[in-house]
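Notes follow the structure.
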Amino acid sequence: MKENQFQFRKMEAEDIPAVASLENQLFTRPWSEQAFLQAMEQDTLFVVVLDGNTIVGYSGMYCSLPEGEITNVAVAPSRHRQGIGRMLLSYLLKQAEEKGICRIILEVRISNRKAIGLYKSMGFQNCGIRRNFYEMPREDGIVMVLEN
């Protein structure tokens with residue numbers, strides 16, 4: 001996949017139905033449209049990636065300068081293993097840097113080896129475990145951090 005095939009931009013309110021639909025496909029405890037709308041009204045950074053007019057991924061971050069906390073990095077199931085997640089995360093990290101964020105944290109399911117591998121390859125390091133952080137199924141979360 002070529003990065004120039006995709007459009008990356010900040011999420012807009014009109015994107016929320018498509019993003020919530022992806023969220024429902026990917027997560028056992030998905031955010032509602034209302035949750036996305038409320039989050040976007042706070043100090044957050046949400047971005048989407050489009051292929052043509054179709055949203056194929058999104059990511060979000062709560063911002064509390066100089067720190068950010070990534071909420072989700074999500075790519076449509078039919079578009080997995082095409083490098084979109086890496087491009088999306090790179091775009092989010094660039095936007096965060098421009099906003100003055102120099103320390104980023106996230107949690108990831110301990111069983112999500114693909115995501116852990118992606119995060120490590122982009123410079124994130126393990127810094128702890130949150131026991132029983134996830135539900136449905138109950139599972140530990142790995143806390144990872146990226147310091148710029």
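One-based numbering along the sequence shown.
- Residues Met136 and Arg109 approach most closely at O-NH2, 3.7 Å, considering heavy atoms.
- Not counting sequence neighbours, Lys10 has no partner by the salt bridge (Lys or Arg N to Asp or Glu O under 4.0 Å) test.
- From Leu93, atom CG reaches atom CE of Met122 across 5.5 Å, with rounding to the nearest 0.5 Å.
- When all heavy atoms are compared, the tightest approach of Ile104 to Ala96 is CD1-CB, 4.1 Å.
- Shown here is Gln125, whose CD atom has no more than 12 heavy atoms of other residues, nucleotides or ligands within 6.0 Å.
- Of all the heavy atoms in Gly57 and Leu88, the pair that sits closest is C-CD2, 4.0 Å.
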**Study point:** Intermediate values then yes/no, side-chain contact (heavy atoms from CB on, under 4.5 Å), Ser121 and Arg86
**Key:** CA-CA 9 Å; Ser121 75; Arg86 178 177 300 280; 2.9 Å; yes

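- Two residues are said to be in side-chain contact when any heavy atoms from C-beta on lie closer than 4.5 Å; Phe124 and Val145 fail this criterion.
- Residues Val108 and Tyr62 fall into different hydrophobic clusters, defined by Ile, Leu, Val, Met, Phe, Trp and Tyr side chains chained together at heavy-atom separations under 4.5 Å.
- Atom CE of residue Met61 and atom CG of residue Asp43 lie 11.0 Å apart, to the nearest 0.5 angstrom.
- Proximity of a side-chain donor or acceptor of Ser32 to a complementary backbone N or O of Ala35 within less than 3.5 Å is detected.
- Considering only heavy atoms from C-beta on, Val56 stays 4.5 Å or farther from Val75 through its side chain.
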**Study point:** Audit row: Lys114, His80, side-chain contact (heavy atoms from CB on, under 4.5 Å) steps and yes/no
**Key:** CA-CA 11 Å; Lys114 290 178 187 173; His80 284 185; over 6 Å; no

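- Inter-residue side-chain proximity for Val48 and Val19 is flagged as met; some heavy-atom pair is nearer than 4.5 Å.
- Using a 4.5 Å heavy-atom threshold, the side chains of Asp51 and Gln5 count as touching.
- Between Leu22 atom CG and Arg79 atom CZ the span is 11.0 Å, to the nearest 0.5 Å.
- Here CD of Glu147 is found 8.5 Å from SG of Cys127. Values are rounded to the nearest 0.5 Å.
- For the residue pair Glu23 and Asn72, a side-chain donor N or O sits within less than 3.5 Å of a side-chain acceptor on the partner.
- Taken together through direct or relayed side-chain contacts under 4.5 Å among Ile, Leu, Val, Met, Phe, Trp and Tyr, Ile116 and Leu89 form part of one hydrophobic cluster.
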Exercise for review: Give the C-alpha distance, both sets of side-chain angles, the deciding distance and a yes or no for side-chain hydrogen bond (donor to acceptor under 3.5 Å, both in side chains) between Glu139 and Ser111.
Suggested key: CA-CA 8 Å; Glu139 187 173 3; Ser111 64; 2.5 Å; yes

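- Annotation for Ala39 and Thr44: closest pair O-OG1, 2.9 Å, computed over non-hydrogen atoms.
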**Study point:** CA sep, side-chain torsions, deciding dist, call: Val143, Ile129, side-chain contact (heavy atoms from CB on, under 4.5 Å)
**Key:** CA-CA 6 Å; Val143 181; Ile129 299 283; over 6 Å; no

**Study point:** Test side-chain contact (heavy atoms from CB on, under 4.5 Å) applied to Glu107 and Tyr134, step by step
**Key:** CA-CA 10 Å; Glu107 293 93 12; Tyr134 291 96; 3.6 Å; yes

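- Between Arg9 and Leu50, some side-chain heavy-atom pair lies under the 4.5 Å cut-off.
- Between Ile70 and Tyr119 there is no side-chain heavy-atom pair separated by less than 4.5 Å.
- The number of heavy atoms from other shown groups lying within 6.0 Å of CZ (Arg81) does not exceed 12.
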Exercise for review: Using the ring-ring contact (aromatic ring centres under 6.0 Å, His included) rule, take Tyr58 and Phe36 through it: C-alpha gap first, then chi angles, then the decisive distance, then the call.
Suggested key: CA-CA 12 Å; Tyr58 66 94; Phe36 278 107; 5.8 Å; yes

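- Minimum interatomic distance between Thr28 and Glu135 (heavy atoms only, all atoms of both residues): OG1-O, 3.4 Å.
- In the hydrophobic cluster analysis, where Ile, Leu, Val, Met, Phe, Trp and Tyr join through side-chain heavy atoms closer than 4.5 angstrom, Trp31 is grouped together with Leu26.
- Inter-residue side-chain proximity for Arg103 and Asn148 is flagged as unmet; no heavy-atom pair is nearer than 4.5 Å.
- Val49 and Ile55 are members of different hydrophobic clusters when ILVMFWY side chains are connected at heavy-atom separations under 4.5 Å.
- No side-chain heavy atom of Phe133 sits less than 4.5 Å from a side-chain heavy atom of Asp140.
- Between the CG atom in Leu45 and the NZ atom in Lys99 there is a gap of 6.0 Å [rounded to 0.5 Å].
- Asn132 CG: more than 12 foreign heavy atoms inside a 6.0 Å radius.
- Atom CD in Gln25 sits 7.5 Å away from atom OG in Ser78 (nearest 0.5 Å).
- Hydrophobic cluster membership is shared by Leu106 and Met87, with clusters built from Ile, Leu, Val, Met, Phe, Trp and Tyr side chains linked at under 4.5 angstrom.
- For the residue pair Ile101 and Gly68, the shortest heavy atom distance occurs at CG2-N, 3.5 Å.
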